[in-house]
Every structure is written in structure tokens, then in C-alpha cells.
Amino acid sequence: MQHFENIPVIRYEGPTSKNPLAFKFYDPARVVMGKPMREHLPFAMAWWHNLCAAGTDMFGRDTADKSFGAEKGTMEHAKAKVDAGFAFMQKLGIRYFCFHDVDLVPEADDIKETNRRLDEISDYILEKMQGTDIRCLWGTANMFSNPRYMNGAGSTNSAEVFCFAAAQIKKALDLTVKLGGRGYVFWGGREGYETLLNTDVKFEQENIANLMHMAVDYGRSIGFTGDFYIEPKPKEPMKHQYDFDAATAIGFLRQYGLDKDFKLNIEANHATLAGHTFQHDLRISAINGMLGSIDANQGDLLLGWDTDEFPFNVYDATMCMYEVLKNGGLTGGFNFDSKTRRPSNTDEDMFHAYILGMDTFALGLLKAAALIEDGRLDAFLAERYASFRTGVGAKIRKHETTLLELSAIAEQMGAPALPSSGRQEYLESVVNSILFG
């Protein structure tokens with residue numbers, strides 16, 4: 001069956017175009033700071049939202065038809081999703097996809113049957129990849145939907161569930177390597193707790209780390225050379241999740257000796273749920289050498305949960321791309337962990353959503369590059385910390401002084417002058433002038 005026959009190949013037409021099925025800012029061949037836009041922005045399709053999510057929410061059932069002409073819950077449907085996914089990516093020029101294991105096939109009662117289905121569908125995906133430049137960005141295992149994971153996977157109180165989680169990870173790693181994935185993600189959606197009254201936090205975190213170490217050992221043994229990722233999220237579905245934000249996840253990785261193999265997959269909506277900006281978690285990851293990949297979406301601050309909206313906020317996208325450019329790029333890519341709104345239920349809406357997201361990040365890239373090339377932000381930052389370039393400031397930075405020496409200097413100089421102005425309002429006006437000038 002042919003999919004999306006009424007949708008043309010999406011091409012760049014420029015900012016003045018009124019064509020809803022054309023890019024206004026994403027021009028894959030345009031060179032920005034020495035690289036084509038497509039290399040700055042390795043976009044990926046999220047299998048789960050784009051091919052599986054049909055508009056169901058906690059108050060109502062599906063509004064969109066994601067059957068793609070096949071009976072749901074069958075292998076025919078699994079293959080129809082593959083066909084639709086590749087047709088979708090080719091029309092948009094998207095070169096990567098991301099998946100959970102049970103996005104690909106219906107989960108059977110017997111894991112051996114589920115694995116057989118995964119072998120069958122991954123063979124089919126490999127066939128579809130032939131003759132295209134479409135590849136797997138990263139894979140992962142869904143260890144949060146099934147009731148067995150009510151208390152988490154690594155954090156479970158059941159050794160049997162822990163074994164099952166290990167088996168799922170093993171198979172998901174096999175698939176990731178088979179499909180040439182650049183990364184493997186742990187999203188600990190239920191790795192956390194509801195109350196400390198029934199929780200041994202130390203025990204659970206040690207078990208999570210143990211499971212991750214086993215995953216690293218197995219992945220390296222089968223030739224996986226990419227990065228493992230943790231995707232931080234503070235809450236939902238668990239009240240307290242162990243990977244709260246970038247800083248917490250980095251601390252966990254270092255505490256348990258996982259920091260050499262892991263980086264972070266930062267999601268915009270998760271950062272804001274943690275009370276941060278998207279830019280904050282990107283910066284914390286980057287300065288620790290752990291900015292790996294990005295889930296490109298945004299949340300609705302009026303709702304306060306993980307709404308997974310397609311990104312349209314150009315300011316946030318600019319600040320994101322500023323961090324990415326300053327980091328020298330990503331080892332991963334930009335996965336649209338985003339879903340159309342419940343009333344946006346047509347095939348055209350799927351394309352409109354991706355065009356919106358890709359254009360938003362393309363415009364963010366252009367504006368971030370302009371900010372860097374403008375130079376005023378960097379110049380101000382260098383001047384703000386100028387007192388640490390010479391004299392006692394330089395000695396402090398070089399670790400060449402002591403508390404005794406600094407105390408003596410302080411006594412001689414008396415009360416220090418106030419630090420120089422932070423000029424926040426001026427800097428924000430610089431950003432506005434680049435974005436809208």
C-alpha cells in the first residue's frame with residue numbers, strides 16, 4: 001500500500017512562501033558556520049509518537065487513524081508502520097529514526113515470541129533502508145508501559161522483573177546494533193518512588209547502576225561503539241524520579257563509574273518540568289562533556305505536565321542551538337519526541353507538525369550562528385570575568401594561592417568594590433536585535 005500519496009515531497013521555498021507543505025527556513029544544503037544545515041540538524045522521527053500515538057489521552061480514545069491500512073496488533077500492522085514511516089521520512093528528507101522495542105511490534109505474552117517478531121520486523125526495516133540514506137539514531141526498550149514495571153525496571157523490588165528488564169535491554173541493543181544505531185537511551189520513566197516509607201533509595205540506585213553496567217558490557221561485546229544516554233525527567237509518571245535533571249543524572253553517572261560510556265539525551269519539556277530552562281540543562285550537560293543528543297519538543301507552561309508539543313518557540317530554539325554550536329555539535333541528533341495535538345488528526349497534520357519543528361530549529365540555528373558571529377555576548381562575558389586574568393585573580397584560577405594569602409590581601413584592601421554590572425537587560429536587547437532586527 002502506498003502511503004501519503006496526496007502529500008508532495010517537502011522542499012525549501014523560503015520565508016516568503018505561503019505553501020503549508022514547504023520549508024520556510026530549513027534549507028538542508030545551506031552552509032552555516034562551515035557546515036550544511038543538514039549536518040548541524042540531524043533530525044530523527046520518533047516511531048512512538050508519529051506512527052503509534054493516535055490522540056488518546058486520559059479522558060478519551062483515539063482521534064487519528066494510525067492503522068495505515070492494516071489491522072492493529074498484527075505483524076501486518078507493524079510492517080505497515082514501517083512502510084508509512086519510510087514514506088514519511090523520505091518526503092521530509094529526514095535521515096534518522098528512533099524507536100522503543102514495543103513501538104515496532106505488538107508485545108506477546110512470551111518474550112521469545114516478542115523477540116521473534118522483533119527479528120522479523122528489523123529484517124524488514126533493513127530492507128527498507130537499502131537504497132536510502134535513512135539510519136537509526138538510537139534505540140531503547142520500553143520499560144514503563146507494562147504493569148510489570150509499576151515499580152520501575154532497575155529500581156524494581158522484584159528480581160524476576162529485573163531479569164525481564166535485562167532481557168529487553170539485551171534485545172533492544174541487538175536491534176540497535178543491527179540497524180546501525182548511533183546511541184542507546186535509558187529513559188527511567190518509573191525509576192523512582194512515590195513514598196520513602198516503602199523505598200530503599202540506595203538499594204534501588206545501586207541496582208539501576210548495575211543494570212546499566214551490564215548493558216554497557218554487553219553492548220561493547222557485540223560491537224556497539226556509540227554513546228549510551230540517560231534522558232533526565234523529574235516526575236511523571238513517578239512522583240520522584242532518580243534522573244531528576246541534568247545535574248542529578250551526571251552526579252549519578254559519576255558516582256557509579258558510568259560517565260565514560262554515558263552522555264545525556266536532553267528533552268526540552270523535561271527540563272522545564274524540573275524548573276529549569278531548556279538552555280540550562282543543555283549548558284550543564286555541555287560543560288560536563290556530556291551533551292549527547294536532544295529530544296526536540298516543548299511543553300505548555302500553563303498545563304504543567306509532559307505535553308510533548310512540536311517546538312515553535314524560536315527564542316528557545318535559538319538558545320538551544322547556541323549551546324549546541326558552542327559545544328561543537330552533538331554525537332546524537334534531534335529526535336522529535338513530539339506529537340500533534342489531539343484535534344490535529346490528519347495525515348497533513350503530521351507533515352505540518354514536522355515542518356514546523358524542522359523550520360523552528362533551522363531558524364534557531366541561523367539566529368544562534370548570528371549571535372556568535374555578532375560577538376557581543378562573548379565579548380561581554382570575557383570582560384565580566386576580566387579580574388581573573390591578571391594579578392591575584394589569575395593566581396586563583398591557576399590554584400597558586402591559599403586562604404592565608406587571600407585573607408591577607410583582603411585585610412590590606414578593605415571593603416571590595418561592587419562587582420561590575422551583569423547588564424542582563426542590555427544582553428537581552430542584543431538577543432532581540434539579532435532575532436528580530
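The figures that follow rest on heavy atoms only: side chains count, while hydrogens, waters and symmetry mates do not.
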Answer yes or no: is there an ion pair linking K233 with D295, defined by an N-O contact shorter than 4.0 Å? no
Checking salt bridge (charged side-chain N to carboxylate O under 4.0 Å, His left out) for the pair E107/R148: CA distance, chi angles, key distance, verdict? CA-CA 13 Å; E107 186 175 13; R148 70 174 65 93; 3.2 Å; yes
Could you check whether any side-chain N or O of D306 sits under 3.5 Å from a backbone N or O of G299, counting only pairs where one atom can act as donor and the other as acceptor? no
Over all heavy atoms of both residues, which pair between I208 and G154 is shortest? Give the atoms and the distance, please. CG1-C, 3.7 Å
For residues 30-45, please give each side-chain donor-acceptor pair under 3.5 Å, one per line with the distance, not counting sequence neighbours.
residue, atom, partner, partner atom, Å
H40, NE2, V32, O, 2.6

Is there a donor-acceptor pair closer than 3.5 Å between any side-chain N or O of S338 and the backbone N or O of A296? yes
Would you indicate whether the side-chain heavy atoms of D316 and M319 approach each other to under 4.5 Å? no
Within 45° of the axis and under 6.0 Å from the centre of the six-membered ring of Y124, does NZ or CZ of K79 qualify? yes
Ignoring hydrogens and angles, tell me if any N or O in the side chain of D217 forms a donor-acceptor pair with the backbone of R220 under 3.5 Å. no
Before giving the answer on salt bridge (charged side-chain N to carboxylate O under 4.0 Å, His left out), spell out for K128 and D83 the whole-Å C-alpha distance, their side-chain angles and the decisive distance to 0.1 Å. CA-CA 8 Å; K128 300 293 289 191; D83 293 339; 3.3 Å; yes
Nearest-0.5 Å distance, CG of residue L330 to CG of residue L137: 9.5 Å
Would you please test T132 and R135 for side-chain contact (heavy atoms from CB on, under 4.5 Å) and show each step? CA-CA 8 Å; T132 77; R135 298 293 180 264; 4.2 Å; yes
Is there a side-chain contact between D308 and E267 (heavy atoms, below 4.5 Å)? yes
Is it true that D227 and K263 make a salt bridge, defined as a side-chain N closer than 4.0 Å to a carboxylate O? yes
In terms of heavy-atom contacts, G219 and F228 come closest through CA-CZ, 4.4 Å
Can you tell me how far CD of Q205 sits from CG of N210, rounded to the nearest 0.5 angstrom? 13.5 Å
Smallest heavy-atom separation, P232 atom then I230 atom, equals CD-O, 3.4 Å
Short side-chain to backbone donor-acceptor contact, S293 and G333, under 3.5 Å: yes
When rounded to the nearest 0.5 Å, the distance separating CE of M350 from NZ of K91 is 11.5 Å
Is atom CD of E400 surrounded by more than 12 heavy atoms (other residues, nucleotides or ligands) closer than 6.0 Å? yes
Looking only at side chains, do E204 and Y242 share a donor and an acceptor under 3.5 Å apart? yes
Looking only at side-chain N and O atoms, does N269 offer a donor or acceptor that is under 3.5 Å from a partner on N297? no
OH-CG distance between Y26 and L92, expressed to the nearest 0.5 angstrom: 10.0 Å
When you check the gap from the basic side-chain N to the acidic O, do E120 and R117 get nearer than 4.0 Å? no
I want to check something: taking the side chain as every heavy atom from C-beta on, are V177 and L173 in contact at a cut-off of under 4.5 Å? no
For a quick test of reading the model, state the closest non-hydrogen atom pair linking I434 to R376 and the distance between them. CD1-NH2, 4.3 Å
Taking the side chain as every heavy atom from C-beta outward, state whether E113 and R116 have any atom pair closer than 4.5 Å. yes
For I169 and A215, the nearest pair of non-hydrogen atoms, with its separation, is CG2-CB, 3.9 Å
Parallel, tilted or perpendicular: which one describes the rings of F252 and Y256, with boundaries at 30° and 60°? tilted
Is the side chain of H77 donor-acceptor paired with the backbone N or O of K66 at a distance under 3.5 Å, no angle test? yes
For F99 and F97, take the angle between the two ring planes, folded into 0 to 90°, and tell me which bin it lands in: parallel under 30, tilted 30 to 60, perpendicular over 60. tilted
Ring centroids only, cut at 6.0 angstrom: are H100 and F144 within range, meaning strictly under it? yes
Less than 6.0 angstrom from the centroid, inside 45 degrees of the normal: does R182 satisfy that with respect to the ring of Y96? yes
Look only at the side chain of Q241 and the backbone of M238, and say whether a donor-acceptor pair between them is shorter than 3.5 Å. yes
Going by atom types only, do Y354 and T340 share a side-chain donor-acceptor pair under 3.5 Å? no
Could you tell me whether the side chain of D245 and the main chain of A274 form a donor-acceptor pair under 3.5 Å? no
Give every residue pair that meets the ring pair (Phe, Tyr, Trp, His ring centres under 6.0 Å) criterion with at least one member in residues 145-176, sequence neighbours excluded. none
Can a donor-acceptor pair be found, under 3.5 Å and without considering hydrogens, that links the side chain of N288 to the backbone of M290? no
Between K367 and V431, is a side-chain contact (heavy atoms from CB on, under 4.5 Å) present by the stated rule, with each step listed? CA-CA 9 Å; K367 296 302 183 180; V431 173; over 6 Å; no
Quick one: closest heavy-atom pair of T176 and G183, and the distance? CG2-O, 3.4 Å
Please evaluate residues L126 and K178 with respect to the criterion side-chain contact (heavy atoms from CB on, under 4.5 Å), reporting the C-alpha separation (whole Å), side-chain torsions for both, the decisive distance (0.1 Å), and the verdict. CA-CA 8 Å; L126 279 177; K178 181 177 180 179; 3.7 Å; yes
Are any of the side-chain heavy atoms of R95 and M89 separated by less than 4.5 Å? no
Has L403 got more than 12 heavy atoms of other residues, nucleotides or ligands less than 6.0 Å from its CG? no
Could you tell me whether D349 and K339 have a side-chain N and a carboxylate O separated by less than 4.0 Å? no
Gap separating the CG atom of D27 from the CE atom of M358, nearest 0.5 angstrom: 11.5 Å
Non-hydrogen side-chain atoms of K24 and Y12 separated by less than 4.5 Å: no
Does either side chain, that of D337 or that of W48, offer a donor lying less than 3.5 Å from an acceptor on the other one? yes
Stepwise side-chain contact (heavy atoms from CB on, under 4.5 Å) check, F262 with Y184: CA-CA 9 Å; F262 275 80; Y184 184 86; over 6 Å; no
Considering only heavy atoms from C-beta outward, does the side chain of V430 approach that of F380 to under 4.5 Å? no
Could you give all pairs that pass the side chain to side chain donor-acceptor pair (under 3.5 Å) test and reach residues 185-195, with sequence neighbours left out? S155-E191
What is the distance from atom CG of N265 to atom CG of N335, rounded to the nearest 0.5 Å? 7.0 Å
Would you check if the side chain of E231 reaches a backbone N or O of L264 as a donor-acceptor pair within less than 3.5 Å? no
Is there a donor-acceptor pair closer than 3.5 Å between any side-chain N or O of T199 and the backbone N or O of L196? no
Close side-chain approach of T360 to F310, heavy-atom, < 4.5 Å: no
Step-by-step salt bridge (charged side-chain N to carboxylate O under 4.0 Å, His left out) determination, D62 to K72: CA-CA 13 Å; D62 292 358; K72 288 188 175 182; 3.2 Å; yes
Please evaluate residues F88 and F351 with respect to the criterion ring-ring contact (aromatic ring centres under 6.0 Å, His included), reporting the C-alpha separation (whole Å), side-chain torsions for both, the decisive distance (0.1 Å), and the verdict. CA-CA 8 Å; F88 183 84; F351 283 87; 4.6 Å; yes
